[in-house]
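Presented below is the structure to which this report refers.
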Amino acid sequence: MKTQLLYEDDLEQAAEHLRGGGLVGIPTETVYGLGADGLNPLAVSRIFQAKGRPQDNPLILHIPDASWLERYCQDIPETARRLAEKFWPGPLTMILTCKKRTPEELETLKNGPICSFTHFGPRVIPDVVTAGLDTVGMRCPAHPLTRAIIQQAGVPIAAPSGNTSGKPSPTTAQHMLADMDGKIEAIVDGGPCAVGVESTIVDLTGTPPRLLRPGGVTLEQLQEVLGEVEVDPAVTRRMGEGERPRAPGMKYRHYAPKAPVVVVAGEPEASAAYIQAHVSHTPWDGVICFDEYAARFPGRPLERLGPAADKEAQARRVFDALRAMDRTPVKRIWAQCPDPAGIGLAVVNRLNKAAGFHVIEV
Ligand code: AMP
Ligand code: MG
């Protein structure tokens, strides 16, 4: 299969692929997603094949506006409406109770392909989207092209990040093409992603609400609306044997370039000095550092993360920096990392996961 690159003027074609059961790379403000018709179990199962994604890792359902929540969720708490009001469209995913599906509906889904194009079959979320959980992740993305595609497709779009499972998430159409060429029908090029890390995931099915993944909407912003918010342990440390994080995806090795990563946390001056003192004299050590310190590491593969004080820039850069290291022969990667306030928590989380939580505090 040849993967088509589509642009602004080709959105009807992207929507047609989706309605016909195809897979389309969609630009969102967070990262590029790998979209399929979220009501078509055959189309959704192709996402898992294309990514090499474990079946027990559920997908997020993307909808055009908050009014669609009622179609697929039940017992929607007041907090969900307040969060949607404040942050949608935008980089926030809410975990809600999935609407009860009758045994007949689920059976019909199992027994044959539904074609949403002709509206044949029940209009319910198949198990393959939720990995059999009784909850579902819902998000309303902000990117204008993807909003238009969802509107034109007329169905909710199930989409995880558009990378091969385990690799850094794609923040440009070229990243996504590198992973998905030949495996999916099309990728819509909507330019580089404005946020650069995946959506914040908050679980609203228990009390207090729980942050499962930090992202573009910060913990502090959530607390302003919700009051107390618990931070899931999988955000800040490696899960032990037998521990089950609430977001199944958080247990897998993720975002990892080929070479092992060592994260050095602390004041920027101190972390730069630590890396300088420990980096090998061979070019086999790569460095990911804040712009101000780049000149200290001449003659080796180096990626700039952005200015030390600009965490938004770091969020936009982090996945590209990790991916760029795979195009070099490095055998080890040292990475400076910001403090965890604001969107820093998301940058720290992605770097720590890329490093398998190999973190040195200085
Ligand atoms: P990705 O789009 O690649 O970032 O993957 C979606 C993320 O959302 C994964 O980490 C999933 O584990 C998480 N997720 C999706 N649905 C649920 C759910 N119902 N409960 C908890 N986490 C979920
Ligand atoms: Mg992902």
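Side chains are part of it too, since the values below use all heavy atoms of this structure and drop only hydrogens, waters and symmetry mates. Residue numbers run from 1 in the order of the sequence given. Atoms within each ligand, like the ligands themselves, are counted from 1 in listed order.
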Does K311 come within less than 4.0 Å of D339, counting only side-chain N to carboxylate O? yes

Using heavy-atom distances, let me know which of I95, N57, L212, N163 sits nearest atom 9 (C) of ligand 1. N57

Salt bridge or not for R246 and D203, using N-O below 4.0 Å? yes

Around atom 3 (O) of ligand 1, find the nearest protein heavy atom and jot down its residue, atom name and distance. S161 OG, 3.0 Å

With sequence neighbours left out, which residue pairs that include part of residues 266-299 fulfil the ring pair (Phe, Tyr, Trp, His ring centres under 6.0 Å) condition? Y274-H278

State if I201 counts as touching ligand 1 under the rule of any non-hydrogen atom under 4.0 Å. yes

Can you check whether R316 reaches E312 side chain to side chain, under 4.5 Å on heavy atoms? yes

Any salt bridge linking E105 with K99? Criterion: basic side-chain nitrogen under 4.0 Å from a carboxylate oxygen. no

The complete set of ring pair (Phe, Tyr, Trp, His ring centres under 6.0 Å) pairs with one or both residues in residues 302-322, sequence neighbours excluded, reads Y255-F319

What protein N/O/S atoms are found closer than 2.8 Å to the Mg ion (ligand 2)? S161 OG

Verify same cluster id: L34, V128 (apolar side-chain graph, 4.5 Å): yes

Using side-chain heavy atoms (C-beta onward) and a distance below 4.5 Å, is C73 in contact with V136? yes

Using heavy-atom distances only, which candidate in P160, P58, A131 approaches atom 2 (O) of ligand 1 most closely? P160

Any idea which protein heavy atom is nearest atom 10 (O) of ligand 1, and the distance to it? G249 CA, 3.5 Å

P248: numbered ligand 1 atoms lying under 4.0 Å from its heavy atoms: 12 (O), 21 (C), 22 (N)

Would you mind running through ligand 1 and noting each atom that sits below 4.0 Å from a heavy atom of A247? 12 (O), 21 (C), 22 (N)

Nearest to atom 19 (N) of ligand 1, what protein heavy atom do you find, and at what distance? T135 OG1, 3.0 Å

Heavy-atom distances under 4.0 Å are what count here, so tell me which part of R246 touches ligand 1: side chain, backbone, both or neither. backbone

Any donor-acceptor pair under 3.5 Å linking the side-chain atoms of T171 with those of R317? no

Quiz question: by atom type and distance under 3.5 Å, do the side chains of S199 and T93 form a donor-acceptor pair? yes

Charged N to carboxylate O under 4.0 angstrom, R81 versus E70? yes

Any idea which part of V136 is under 4.0 Å from ligand 1, heavy-atom wise: side chain, backbone, both or neither? backbone

Please report, to 0.1 Å, the donor-acceptor pairs under 3.5 Å made by any side chain of residues 82-92, with sequence neighbours excluded.
from: R82; atom 1: NE; to: E78; atom 2: OE1; distance (Å): 3.0
from: R82; atom 1: NH1; to: V225; atom 2: O; distance (Å): 3.0
from: W88; atom 1: NE1; to: L92; atom 2: O; distance (Å): 2.9

Proximity to ligand 1 by part of H254, non-hydrogen separation under 4.0 Å: neither

When you measure from the heavy atoms of L59 to every atom of ligand 1, does any distance fall below 4.0 Å? yes

Write out the residue and atom name of the closest protein heavy atom to atom 5 (O) of ligand 1, then the distance separating them to 0.1 Å. R53 NH2, 3.1 Å

Taking atom 4 (O) of ligand 1 as the reference point, the nearest protein heavy atom with its distance: R213 NH1, 2.4 Å

Picking from R139, H62, R147, what satisfies side chain to side chain donor-acceptor pair (under 3.5 Å) with T28? R139

